[in-house]
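To start, the structure under review is shown below, and the notes come after it.
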Number of protein chains: 2
Amino acid sequence: MTSSQTAGTAPRSALTRARVLESAVVLADRDGLGALTMRSLARELGIEAMSLYHHVANKEDLLDGVVDVVAAEIQDAVGRLDTQADDAPKSAWKPAMRRQILTSRAVLLRHPWASTVLESRTSFSLHIVRYFDSLIGLMRRGGFSYDLVHHALHALGSRALGFSQELFEPDGAAAGSAAGGGAEEGADDAATAMLMQMAEQVPHMIEMLAEISHEGPESTLGWCDDQTEFEFGLDIILDGLDRLAEREQH
Amino acid sequence: MTSSQTAGTAPRSALTRARVLESAVVLADRDGLGALTMRSLARELGIEAMSLYHHVANKEDLLDGVVDVVAAEIQDAVGRLDTQADDAPKSAWKPAMRRQILTSRAVLLRHPWASTVLESRTSFSLHIVRYFDSLIGLMRRGGFSYDLVHHALHALGSRALGFSQELFEPDGAAAGSAAGGGAEEGADDAATAMLMQMAEQVPHMIEMLAEISHEGPESTLGWCDDQTEFEFGLDIILDGLDRLAEREQH
DNA sequence: GAAGGAGGCTTACAACGTAAGCCTTACGCC
DNA sequence: GGCGTAAGGCTTACGTTGTAAGCCTCCTTC
């Protein structure tokens with residue numbers, strides 16, 4: 001409620017909310033999300049855990065803030081794209097949207113833990129909302145009704161921000177156990193072996209694996225290129241939306 | 001390594017792995033995923049926490065097992081669908097796949113926590129793999145190349161099992177804090193209020209909200225029908241795959 | 001110079017997963 | 001029939017997590 005507080009406040013300490021959040025991002029990037037605890041973050045900053053609570057309300061708030069940092073990074077990257085000319089043809093929405101989404105994806109790929117945190121948030125970040133606002137703007141300029149825009153956002157889901165929800169990520173980048181148990185590399189081989197064991201229960205899958213990696217299905221999970229698959233799925237949705245938008249306009 | 005152990009083993013106790021897992025599902029259904037701890041599960045079963053470790057290796061294993069229970073439920077429901085006739089036209093893959101996915105979704109809607117756990121798994125459940133195998137089979141009968149099948153599974157992502165990754169679920173069904181802080185109902189009103197405050201920063205979004213819920217944007221997050229939105233997105237992808245499959249066959 | 005608050009620190013607690021080890025019971029075997 | 005064995009319960013204890021409570025020490029402002 002103190003109103004004369006906005007600009008002045010000569011900081012006694014170098015520790016600020018911004019510095020806390022920044023350190024949290026660095027720590028998560030380096031050691032994984034699971035390593036981001038109040039105590040480890042404090043250690044990183046050379047202070048005690050409880051001191052953090054003068055800058056964040058609790059861990060939830062810390063994660064909110066950390067999401068916001070990444071969201072700002074996304075918005076910054078998106079802002080660098082050349083904005084669309086007003087006299088662009090209606091069909092320009094599709095490549096523009098594609099570019100914005102892939103730009104966001106590029107940022108998120110630098111912070112593999114971020115999508116997990118993002119999903120778990122219950123409140124909005126202003127930067128994220130602005131991101132979505134610009135997506136809405138692109139679709140509107142493409143002639144979408146607001147109703148279609150709304151459906152489109154749902155259809156894109158997490159893909160709107162540049163990540164997809166794969167069921168089984170072989171490299172558990174989002175998993176927290178960075179310094180946990182050992183077995184990590186033999187994972188896909190083990191999975192493949194398991195599949196072979198139940199070959200007769202899953203004939204199509206076996207055959208698919210045999211055919212796709214046609215030098216024999218010894219390493220099955222390494223053959224997917226995430227970026228290609230993401231763009232494939234994205235383009236299906238964008239093309240579908242395109243068709244619906246055209247139909248809307250008779 | 002005792003080989004004469006498979007069928008006999010007169011059980012001294014009524015407590016088995018199956019009963020443990022079943023109780024875990026019940027508990028998670030009732031109190032949420034966050035309430036599923038080794039201690040609470042033990043209490044539910046009338047035993048002590050450490051006794052659970054005679055039936056599950058650790059909590060990860062417990063979650064694996066719990067996923068497997070739900071996966072079995074899914075497979076059971078899918079199995080009840082009338083299997084596709086061999087002389088069905090190629091185009092039959094699409095409604096069949098749609099039905100299977102929506103059936104899985106119906107099961108998952110009864111266990112709102114399950115999708116979260118499912119995502120976090122690093123190992124496969126046989127039931128899940130068989131589920132995917134049958135999807136693959138449907139697409140193959142529809143004339144898909146294995147390559148297209150593979151892309152299709154990636155494009156569907158979590159939608160293949162019947163849930164989509166919405167960025168901001170207003171009702172935090174998957175969130176763990178069932179018995180935590182209080183504020184839950186005023187959430188969307190609060191979010192709406194926040195949006196109104198930054199109206200000029202997100203003009204398109206404000207306008208969209210104003211138009212869609214055109215009795216004025218007072219409750220913005222209640223207007224989405226999850227099932228409708230899911231089917232909308234699913235159909236876009238299925239239609240897109242359909243077109244690609246046809247193109248493949250010249 | 002007194003007041004007060006911002007921001008650090010220490011201590012303490014409850015809840016979590018789980019390692020270690022004890023005790024009982026029931027079964028298989030001589 | 002007695003005995004070894006192990007399955008399956010229980011108790012205790014430890015380290016880690018988030019965080020409540022309170023102390024102290026500055027710096028800023030009347």
Side-chain angles (χ1 to χ4, degrees), chain A residues 1-21 23-24 27-28 31-66 117 120 175-181, chain B residues 1-21 23-24 27-28 31-66 117 120 175-181:
Chain A
M1 303 295 178
T2 59
S3 58
S4 64
Q5 186 97 314
T6 322
T9 64
R12 173 179 67 164
S13 70
L15 196 62
T16 61
R17 178 172 230 262
R19 254 175 51 77
V20 167
L21 298 181
S23 267
L27 205 163
D31 302 338
L33 186 57
L36 176 58
T37 71
M38 299 304 274
R39 285 175 169 85
S40 70
L41 176 55
R43 198 178 316 123
E44 181 88 6
L45 285 159
I47 60 168
E48 293 300 313
M50 289 309 293
S51 301
L52 291 170
Y53 286 86
H54 288 190
H55 304 280
V56 299
N58 47 40
K59 187 157 187 190
E60 280 295 287
D61 185 37
L62 173 71
L63 293 177
D64 281 349
V66 148
V117 184
S120 73
S177 63
Chain B
M1 303 297 177
T2 58
S3 59
S4 64
Q5 187 96 311
T6 320
T9 63
R12 174 179 64 164
S13 70
L15 195 63
T16 61
R17 178 173 230 263
R19 254 174 52 75
V20 167
L21 298 181
S23 267
L27 205 163
D31 301 336
L33 185 58
L36 176 59
T37 71
M38 299 305 273
R39 286 176 167 87
S40 70
L41 176 55
R43 199 178 317 122
E44 180 89 6
L45 285 160
I47 61 169
E48 294 300 314
M50 290 310 292
S51 301
L52 291 170
Y53 286 85
H54 287 184
H55 304 281
V56 299
N58 47 39
K59 187 157 187 191
E60 280 295 287
D61 185 36
L62 173 71
L63 293 178
D64 281 349
V66 149
V117 184
S120 72
S177 63

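Residue numbers begin at 1 in each chain, while the letters A, B, ... track the order of the sequences.
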Would you kindly give the NE2-to-C1' distance between A/His54 and D/dC26, to the nearest whole Å?
13 Å
Interatomic distance, CD1@A/Ile47 vs CG@A/Leu52, rounded to 0.5 Å, equals 4.5 Å
Here the pair of heavy atoms bringing A/Lys59 nearest to A/Thr37 is NZ-CA, 4.1 Å
Non-hydrogen atoms of A/Ala24 and A/Leu62 that approach each other most closely:
CB-CD1, 4.2 Å
Determine the minimum heavy-atom distance between B/Arg17 and B/Val56, stating which atoms define it.
NH2-CG1, 4.2 Å
Hey, does the side chain of A/Ser51 come within less than 4.0 Å of C/dC9's phosphate (OP1/OP2), counting only N and O?
yes
Close N/O contacts between protein and nucleotides 15-18 of chain C (under 3.5 Å):
residue, atom, partner, partner atom, Å
C/dG17, OP1, B/Lys59, NZ, 2.7
C/dG17, OP2, B/Met38, N, 3.0
C/dG17, N7, B/Arg39, NH1, 2.7
C/dG17, O6, B/Arg39, NH2, 3.1
C/dT18, OP2, B/Tyr53, OH, 2.9
C/dT18, OP2, B/Lys59, N, 2.9
C/dT18, O5', B/Tyr53, OH, 3.4
C/dT18, O4, B/Arg39, NH2, 3.3

Using atom CG of A/Leu45 as one end and atom P of C/dG7 as the other, report the distance to the nearest whole Å.
15 Å
For B/Ser23 and B/Leu45, work out which heavy atoms get closest and say how close.
OG-CD2, 3.1 Å
Tell me the interatomic distance from A/Glu48, atom CD, to D/dG18, atom P, rounded to whole angstroms.
14 Å
Quick check for you: to the nearest 0.5 Å, what is the distance between A/Arg43 atom CZ and A/Met38 atom CE?
13.0 Å
If only side-chain N and O atoms of A/His55 are considered, is one of them under 4.0 Å from the OP1 or OP2 phosphate oxygen of C/dG8?
yes
Output the rounded distance in Å from CG (A/Leu41) to C1' (D/dT19).
15 Å
Report the distance from atom CD1 of A/Ile47 to atom P of C/dT10, rounded to the nearest whole Å.
12 Å
